[in-house]
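Here the structure is laid out as structure tokens; the discussion comes afterwards.
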Amino acid sequence: MMYSVKQRQNPLDRDGDSKYYASAEYGEEIDVNKLAKDISKSCTLTPADIVAVIESFLDKMPQYLKSSNRIRLNKFGIFKLSFSSAGHEKLEDVSANDIKNLRVLFTPSAELKKELADVHYTKK
């Protein structure tokens with residue numbers, strides 16, 4: 001993985017000295033069509049078939065998440081929704097109006113973590 005070095009100020013200490021940090025650098029963005037072409041080279045499906053499956057999955061994903069389901073993609077990981085909530089002293093004061101900051105969480109599988117354990121870093 002490529003990285004560069006960037007000078008940044010600590011956002012919690014604006015009066016303090018800035019420091020140098022490693023910052024991730026990214027190459028090209030891989031879209032669904034490129035991914036489908038690459039996958040089709042290792043199976044019997046056409047790129048169009050693969051795109052159709054990915055698009056169908058992405059169409060269904062919000063429905064499953066909104067229904068409080070977790071989506072496990074075996075060797076990849078789990079997607080689920082989470083949120084923040086305001087706190088109250090009394091149980092009966094808590095309501096859906098207190099919920100904010102909805103977000104999608106992804107937890108990588110043990111297999112994916114193992115595959116990524118040997119990442120090598122190269123300064124750009």
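Bear in mind the structure is a predicted one, so any value in this text is a computation, not a measurement.
- Annotation for M1 and A24: closest pair CE-CB, 3.6 Å, computed over non-hydrogen atoms.
- The shortest side-chain heavy-atom distance between L105 and F79 does not fall under the 4.5 Å cut-off.
- No donor-acceptor distance shorter than 3.5 angstrom exists from the side chain of Q9 to the backbone of D17, with no hydrogens or angles considered.
- With sequence neighbours left out, Q7 forms a side-chain hydrogen bond (donor to acceptor under 3.5 Å, both in side chains) with S18.
- The two residues S109 and K75 make their nearest non-hydrogen contact at OG-O, 2.8 Å.
- Around atom CG of D13, more than 12 heavy atoms belonging to other residues, nucleotides or ligands sit under 6.0 Å away.
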K100 and D98: side chain to side chain contact (heavy atoms under 4.5 Å, CB included), yes or no, with the steps?
CA-CA 7 Å; K100 55 188 175 201; D98 297 314; over 6 Å; no
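- In plain terms, the two heavy atoms of K123 and V5 that are nearest each other are CE-CG2, 3.5 Å.
- The same ILVMFWY cluster, assembled from side-chain heavy atoms under 4.5 Å apart, contains both V51 and L35.
- Checking side-chain atoms of S95 against main-chain N and O of N97 turns up a donor-acceptor pair under 3.5 Å.
- Residue F76 comes nearest to L112 through the heavy atom pair O-CD2, 3.4 Å, listed as atom of the first residue, atom of the second, then distance.
- Using a distance-only test at 3.5 Å, with no hydrogens or angles considered, no donor-acceptor pair links the side chain of R72 to the main chain of R70.
- Salt bridge status for K124 with E25: present, with a side-chain N to carboxylate O gap under 4.0 Å.
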What do the steps show when you test R103 against L81 for side chain to side chain contact (heavy atoms under 4.5 Å, CB included), and what is the final call?
CA-CA 6 Å; R103 59 192 173 275; L81 289 181; over 6 Å; no
After noting the C-alpha distance and the side-chain angles of D59 and S56, does the key distance pass the side chain to side chain donor-acceptor pair (under 3.5 Å) rule?
CA-CA 5 Å; D59 286 343; S56 292; 5.4 Å; no
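- Surrounding CD of E92 are more than 12 heavy atoms belonging to other residues, nucleotides or ligands, all under 6.0 Å away.
- Looking at every heavy atom in both residues, G77 comes nearest to F106 through CA-CE1, 3.8 Å.
- Residues S40 and L45 come closest through the heavy atom pair CB-O, 3.2 Å.
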Run the numbers on R8 and S23 for side chain to side chain contact (heavy atoms under 4.5 Å, CB included), then give the verdict.
CA-CA 10 Å; R8 293 191 187 127; S23 180; 3.1 Å; yes
